[in-house]
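Here is the structure we will look at, set down as structure tokens.
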Amino acid sequence: MSLPHAILTALLEKPSSGLELTRRFDRSIGYFWSATHQQIYRELGKLEGEGLIRALPSEQPARGQKKAYEVLPAGREELARWTAESQDPKPHRDALLLRLRAAAVVGTEGLEEDLRRHRELHARQLETYREIERRDFPPGRGGAEDRLRHLVLRAGIDLETFWTQWLDHALAEFAELDVRGRQG
């Protein structure tokens, strides 16, 4: 996935300024593809230079006014090309998993507390996703666009469910290690 394609998607959903895009990334796309304000503005300039988007005409002078952008036909074609392209899954990299592996040889000092912290963060994210689902995808709502957006949200719900369950299991293992260590 790439930031330019995420921006094209967001602009096709709704023409927006860079600031509006940043806010939308924070509230939706950012849950699975994050970008800083600076990255978004840099990409907007590149996309405009490549003729994939254009700034909408402003009724007021542009000086100090935020520019809103829309996707041009070439941008829609690029997004369609990219969407249809085959891509392999990316290898999973997670520092927490590497730290657990390292703990096997150097000890677990401080790791259990961080596992609890991760568990809490994932539980909060899971609740956020479930709240979005309750709010934005009530039963019976089923147009094609909504169903695809809901599918993306379900991926987030399923991943956060996995992480909370896995962290529960990891914390149970730590509890067992503590019991064995005291007996041992």
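What you are looking at is a predicted structure, and each value in this text was computed from that prediction instead of being measured. Along the sequence shown, residues are numbered consecutively beginning with 1.
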Using 0.5 Å steps for rounding, measure from the [atom1] atom of [X] to the [atom2] atom of [Y].
X	Y	atom1	atom2	value
R23	S16	CZ	OG	11.0 Å
Y69	S17	OH	OG	9.0 Å
L21	H37	CG	NE2	10.0 Å
H169	R119	NE2	CZ	14.0 Å

If two hydrophobic side chains count as joined below 4.5 Å and joins carry through other members, does [X] share a cluster with [Y]?
X	Y	value
L111	L97	yes
L96	F174	yes
V71	L56	no

| request: Could you give me the CA-CA distance, side-chain angles and deciding distance for E131 and R135, then say whether salt bridge (charged side-chain N to carboxylate O under 4.0 Å, His left out) is met? | output: CA-CA 6 Å; E131 178 56 36; R135 182 191 70 217; 5.7 Å; no

side-chain contact (heavy atoms from CB on, under 4.5 Å) between L11 and L79, intermediate numbers included
CA-CA 11 Å; L11 289 175; L79 188 58; over 6 Å; no

### Query
Short question: side chain of R24, backbone of K14 - any donor-acceptor pair under 3.5 Å?
yes

Backbone N or O of T36 within a donor-acceptor pair of the Y41 side chain at under 3.5 Å? no

What's the shortest heavy-atom distance between [X] and [Y], and which atoms?
X	Y	answer
A6	I29	O-CD1, 4.0 Å
W33	F25	O-CD2, 3.5 Å
E43	L3	CG-CD2, 3.5 Å
A35	I40	CB-CG1, 3.9 Å
R54	P57	NH1-CD, 4.1 Å
L72	G51	CD1-O, 3.4 Å

Problem - Residue among R116, R117, R124 satisfying salt bridge (Lys or Arg N to Asp or Glu O under 4.0 Å) with E120 - result: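 One option only clears the test, and that one is R124.
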
### Query
Is any NZ, NE, NH1 or NH2 atom of the basic residue among R76 and E70 found under 4.0 Å from an Asp or Glu carboxylate oxygen of the other?
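Salt bridge flag = no for E70 with R76.
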
*Can you tell me if CZ on R101 sees more than 12 non-hydrogen neighbours from other groups inside 6.0 Å?*
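Incorrect, the count does not exceed 12.
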
Quiz item: Is the CD atom of E85 crowded by more than 12 outside heavy atoms at less than 6.0 Å?
Solution: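 Check passes, neighbour count above 12.
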
- Task: Could you work out the complete set of other residues in the hydrophobic cluster of V105, with links drawn between I, L, V, M, F, W and Y side chains under 4.5 Å apart?
- Result: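 Other cluster members: V106.
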
Just distance, no hydrogens or angles: give the donor-acceptor pairs under 3.5 Å from side chains in residues 152-166, sequence neighbours left out.
from : atom 1 : to   : atom 2 : distance (Å)
R154 : NH1    : E133 : OE2    : 3.4
R154 : NH2    : D158 : OD1    : 2.7
E160 : OE1    : H122 : ND1    : 2.4
T161 : OG1    : I157 : O      : 2.7
T164 : OG1    : E160 : O      : 3.1
T164 : OG1    : T161 : O      : 3.0

**OP:** Evaluate salt bridge (charged side-chain N to carboxylate O under 4.0 Å, His left out) for E78 paired with R81, printing each intermediate quantity in order.
**Re:** CA-CA 5 Å; E78 168 53 23; R81 181 207 60 76; 2.7 Å; yes

Exercise for review: With salt bridge (charged side-chain N to carboxylate O under 4.0 Å, His left out) as the test, would you mind laying out the steps for D114 and R99 before giving the verdict?
Suggested key: CA-CA 11 Å; D114 203 37; R99 290 172 55 218; 2.7 Å; yes

query = Under 4.5 Å between any side-chain heavy atoms of L151 and R147, yes or no?
reply = no

_Heavy-atom check, side chain of I7 versus side chain of L52, under 4.5 Å_ =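 They are not in contact (no side-chain heavy atoms under 4.5 Å apart), so the answer is no.
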
- [ ] Evaluate the side-chain contact (heavy atoms from CB on, under 4.5 Å) criterion for residues L44 and E48: first the C-alpha distance (whole Å), next the side-chain angles of each, then the deciding distance (0.1 Å), finally the verdict.
- [x] CA-CA 6 Å; L44 285 170; E48 189 174 27; over 6 Å; no

Between R130 and L126, does a side-chain contact (heavy atoms from CB on, under 4.5 Å) hold up when you go through it step by step? CA-CA 6 Å; R130 286 181 173 154; L126 177 57; 3.6 Å; yes

